[in-house]
Structure formats: C-alpha cells, structure tokens
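Mind looking over this structure? Questions follow.
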Amino acid sequence: MGATAAISAILTLLAGIGIFLIACHMMSTNLESASSSKLKAMFAKASGSKLLGVGIGTVGTAAIQSSGATTVMTIGFVNAGIITLTQAATIIYGANIGTTVTAQIVALGMFSGNGLSTSIIFSAFAGIGAFLSSFAKKPGYRTLGGILAGFGMLFVGLSLMSGSMEDFAALDGVKLFLAGISNPLLLVLIGAILTAIVQSSSVVTSIALAMCVTGLVNLDQGIFLTMGSNIGSCIVAILAGVTSGTNAKRTAFIHLLFNCSGVVVFLIIGWLISLFSRGDVSFGTLFSAMFPGAPQTQLAMFHTAFNVLTVAFMLPLTGALVTCVERLVPDRKSSSGTGEFRLQFVDDNMLITPPVAVAQTKKEVMRMAELAMDNFYRSIDIISSLDFSKKEIFEKTEEELNFINRALIDFVVRLSEKPLSEHDHKYLSTSYRTIRDLERIGDYAENIVGYADELQKGGDRFSSNALDEIARLKDLVKSLYQKAENAYLGENIPALVEANEIEEQIDDFTKAMEDSHIKRLSAGECTPNSGAQYLGLACDTERIADHLINVAKSIRIFKKD
C-alpha cells in the first residue's frame with residue numbers, strides 16, 4: 001500500500017508540474033501579446049541608468065511571468081550590440097526581482113479558511129478564460145481569455161502539487177528521509193539541480209512552498225531549496241549564451257555569477273547568525289516571527305527579500321562584475337569574409353519574446369534601407385565623377401545587403417511562426433516584400449556602377465547639363481527616401497501622401513531626362529555610349545523610386561487603426 005501511495009504521489013506531482021509549466025507558458029505568451037507595444041517601448045529605453053535597467057527587468061519579468069524569457073532576450077540585445085554588458089547586468093538584476101511575483105501569487109493561492117480556499121477560487125479562472133478564448137470574437141478578448149485560463153491552470157497545477165506533497169507527508173519513510181537532509185549546501189544543490197531539470201525556478205519555488213505548507217520540510221529547508229533554484233535558473237541563460245557571440249556568453253556568465261554571489265552571501269550571513277545565536281536563530285525563525293502562522297508567506301517573503309537585497313548588494317559592484325567577466329571571457333578575433341557580417345538589431349535569442357523581436361526587426365529593415373541608399377548615393381557619385389575610389393566600399397556594402405537579405409528573411413520566417421498580435425502578424429507579412437524591395441535597390445545601384453565602368457572603358461563622360469540633371473534626380477530620390485522612412489517608421493499616412501507626390505515628380509523628371517538626352521544627342525553634345533549609360537541610369541533610378549514607394553505603401557496593410 002505504501003508503494004502504491006508513493007507511485008500515486010509521484011504521478012500526481014508530475015501532472016501538477018506539467019500543468020503548471022503549460023500555464024506559465026500560456027500566461028507568458030498571452031501577456032506578451034497583450035502588452036506588446038508597452039514591452040517594445042520599455043526595452044527601447046534599456047540604455048538608461050542602472051536603476052532604470054533594474055526597473056525594466058523587474059516590470060518586464062512581472063509582465064511576462066518569465067525571468068528566463070527576459071534573460072534570454074537580454075542576451076539577444078547584447079549579442080546584437082543594442083545594449084552594453086552593464087545595461088544587460090542591471091536588467092538581469094531586475095528579472096530576479098520580477099520573478100518573485102509568481103511566488104507571491106502562489107503563496108496567496110494557498111490560503112484557505114472555513115469557506116472556499118483561494119486556490120479553488122483562482123482555479124475557476126481556467127474555465128472562465130477557456131470560455132472567453134473559445135467564444136470571444138475580438139482578438140483582445142481571446143487574449144484576455146488566454147491570460148485568465150493560464151492564471152487558473154497555474155492553481156490547478158499547484159493544487160495537484162500540493163496534494164502530492166500531502167500524500168508524501170503521510171509516508172513516514174519520505175518524512176524521515178527529508179528530515180535527514182539538513183545540510184544547507186546539499187539543499188542548495190538539490191534546488192539547483194531540480195531547477196536545471198525543469199528549467200523553471202517558479203516550479204521549484206512553488207514545490208518548496210507546498211512542501212512547507214504540508215510540513216514535509218521545515219522553513220529553513222524550503223529557504224535553501226529556493227536559494228538553489230536561483231542558481232539552477234541560470235541554465236536557460238547558459239544554453240542561450242553558449243551558441244551565441246562573446247558578449248552573449250559574458251551576459252550568461254554575469255547571470256550565473258550574480259545568482260551564485262547572492263547565495264554565497266546569504267549562506268555566510270545565515271552561518272554567522274546561527275554561530276552567534278548558538279543555533280537558536282536562523283532565517284526560518286526570523287521569517288516565522290515576522291509572518292506567524294503562514295509558512296507560504298514566510299517563504300515567499302524570504303524569496304523576495306533575498307532577491308531584492310542581492311540586487312542592492314550587487315548594484316554598486318556592477319562595474320567590477322562586468323570587468324571580471326570580460327577578463328574571464330576574452331574577445332576573439334572575427335573571421336574574415338562574409339562571416340564578419342551579422343544582423344545588428346535582431347538575434348535568435350529574441351525569438352523567445354516575439355513582440356520585442358518585431359520592433360527590432362523594423363530597426364533591422366531600416367538599417368538595410370540606409371545601407372541600400374548609401375550605395376545608391378555612392379553609385380551616383382562614381383558615375384558622375386568616374387572616381388572609383390569608393391568602389392571597394394560599394395562592393396563590400398553590396399555583399400552585406402545580400403547577407404541581410406538572406407539572414408533577415410530567415411529570421412522573419414521563424415518569427416512569423418510565433419504567437420503575435422494581429423498588427424505584428426500583418427507587419428511581418430509585408431516585411432518579406434520590403435526586404436526584397438531594398439535588396440533590389442542595391443542591385444540597381446550596382447547596375448549604375450556598371451554603367452560607370454562602361455563610360456570609363458569608352459573614354460566618355462557626361463555633359464555638364466546631364467550632370468546637373470543627375471544631381472537633381474539624386475536630390476529627388478533623397479527627399480523620397482526621407483518621406484518613405486517617416487511613413488514606414490511612424491506609420492504616417494501624411495508622409496506617405498508626400499512620398500507619392502515626390503515619386504510622381506521623379507517619374508515626370510526621368511521622362512524629361514529622356515527628352516533632354518535626345519536633344520543633346522542630336523546636337524552632338526554626347527556620344528551614343530554615354531547616352532546609353534545615361535538612359536540606363538535614369539531608368540534604374542526610376543525603378544529605385546518605385547521600390548521606395550513600395551516600402552512606404554506597406555503601412556496601408558499593417559498600420560494600426
């Protein structure tokens with residue numbers, strides 16, 4: 001009978017862990033979708049002060065209910081060069097504070113009196129949320145339903161885990177075994193290993209809460225298990241950093257050192273308290289006195305205090321921590337060739353937080369646009385002056401454009417498979433063509449440099465009138481790009497209208513260029529070779545204008561109402 005009860009308790013625990021993890025994922029996904037615009041705006045400010053970084057990490061983690069997601073996303077930002085290691089460290093500090101919200105919610109759900117327990121009441125949200133998700137027509141209500149369903153399932157899983165703990169508590173062998181584990185280092189190690197296995201500190205902390213409430217372990221044991229879960233939570237960041245660049249590895253190492261430092265400091269403080277009190281005082285007795293009769297609150301409050309005090313201790317030492325990590329993980333020389341190119345604003349680690357990845361994708365698209373337009377301006381300068389000193393830079397930029405074209409489309413394909421808001425899905429659906437449009441601008445600029453080569457081979461040059469017209473055309477395209485950029489970034493319809501007007505001017509001007517060319521050719525002011533290159537330039541520039549207006553017009557599809 002004892003063996004049957006033990007097997008039943010183990011299976012119940014596994015079921016509870018599974019439901020709890022699914023609930024966390026469901027809440028995280030829907031909270032991200034609901035708060036996507038706020039998340040984008042918040043992480044855009046990540047380059048501020050240390051305290052701002054802590055605040056961003058805290059609020060971001062509390063919003064998406066996943067310190068792992070925040071940490072991996074931060075690794076992505078560092079790897080993409082968007083934030084510094086110091087800024088990343090402070091965001092990670094905040095993530096450790098933000099993750100304590102889950103423990104506080106779980107502790108609240110463990111209260112029960114003579115009437116209904118809070119766990120039963122909160123579990124009912126699973127049904128309410130499922131109803132909303134299934135029958136609501138508006139996406140906003142379906143997202144809300146997903147949040148409520150995840151919140152409710154969190155407590156369904158918690159109830160199963162708590163029930164399994166009560167079953168374990170009824171087994172004398174289990175109680176005697178756990179009572180014999182009193183070594184703080186061993187308990188920390190167990191907590192770290194369990195967290196590394198399930199990859200969720202929230203699950204291990206919740207199990208520790210349930211064990212304390214059922215009397216399966218005492219508060220001190222629960223405290224050391226929780227401290228160990230902080231170390232085990234680093235496995236997510238380590239896995240993300242291993243396959244990324246040097247700074248990403250450094251960020252993962254910062255996370256590990258930060259969490260280990262906090263545990264070591266508290267272990268030393270706990271040992272000193274026990275030493276000077278001759279074993280009469282411990283963290284458990286202190287928090288039991290502060291929150292009597294509520295073991296779940298005692299452990300949850302220690303968890304919060306532990307993380308907040310660790311941040312307060314480590315914040316002034318951030319510079320030293322970053323310097324230490326930079327020495328432990330030195331820079332490596334980058335390889336030559338196309339391997340030196342990379343996407344600057346997006347990184348695979350950002351896929352864990354899709355709304356922020358979408359915002360970064362738009363920045364990457366605009367970086368590609370700037371590179372393409374820089375090459376267009378270079379091509380005009382080269383063909384106008386026949387000075388080929390910038391050709392090497394031009395060719396290198398063209399290689400980078402081709403790299404971005406392939407890499408960014410691959411990233412967008414994978415990002416499109418993630419749960420996103422309707423607006424973000426629409427934006428990504430247009431980005432494929434936008435990326436192609438920008439890549440074609442680079443190709444047409446390459447054609448113009450080819451026309452310059454033909455002029456040089458034939459010993460020809462454009463006439464002064466032709467050069468004036470080319471300069472005028474370049475200015476029109478530059479104005480078009482500025483309006484298209486304003487329209488695209490700000491989803492600005494008035495800027496789109498102005499861009500359309502300039503594009504029509506370019507159409508008219510390139511036709512006038514053809515007429516002027518015929519007159520010059522008849523007057524003998526230009527040769528047939530220079531005339532052919534001139535017409536090719538005018539035609540390709542007009543097509544560049546078409547691609548720019550395509551980029552601007554894409555906002556009609558994804559613009560927010």
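Residues: numbered from 1 along the sequence shown. Values below: every heavy atom of this structure, side chains too, minus hydrogens, waters and symmetry copies.
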Give the table of side-chain donor-acceptor pairs shorter than 3.5 Å for residues 186-196, with sequence neighbours excluded, one pair per line with atom names and distance.
from: T195; atom 1: OG1; to: G191; atom 2: O; distance (Å): 2.8

For atom OH of Y141, is the number of surrounding heavy atoms from other residues, nucleotides or ligands below 6.0 Å larger than 12?
-> no
In terms of ring plane angle, is the pair F302 and F306 parallel, tilted or perpendicular, where the classes change at 30° and 60°?
->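 Parallel, since the angle between the ring planes stays under 30°.
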Using distance alone, with no hydrogens and no angle criterion, decide if E491 and H423 have a side-chain donor and acceptor under 3.5 Å apart.
->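 The criterion, which ignores hydrogens and geometry beyond distance, is satisfied for H423 and E491.
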Interatomic spacing from CZ in F253 to CG in L328 - rounded to 0.5 Å | 5.0 Å
F125 and F151 aromatic ring geometry - parallel, tilted or perpendicular at 30°/60° bounds =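 Taking F125 first and then F151, their aromatic rings stand perpendicular (interplane angle over 60°).
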For the atom pair OG1 (T12) and CG (L160), what is the distance rounded to the nearest 0.5 Å?
-> 6.5 Å
What is the distance from atom CZ of F345 to atom NZ of K362, rounded to the nearest 0.5 Å?
-> 14.0 Å
To the nearest 0.5 Å, tell me how far L219 CG sits from F287 CZ.
-> 8.5 Å
Just jot down the salt bridge (charged side-chain N to carboxylate O under 4.0 Å, His left out) partners of E422, sequence neighbours excluded, or say none.
->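 Once residues adjacent in sequence are excluded, the partners of E422 under the salt bridge (charged side-chain N to carboxylate O under 4.0 Å, His left out) criterion are K426.
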Sort and list the pairs that fulfil salt bridge (charged side-chain N to carboxylate O under 4.0 Å, His left out) and have at least one residue in residues 250-275, not counting sequence neighbours.
-> R250-D331
Closest approach of I92 and N96, non-hydrogen atoms and distance?
-> O-ND2, 2.9 Å
Nearest heavy-atom contact between S123 and S159 is OG-OG, 4.3 Å
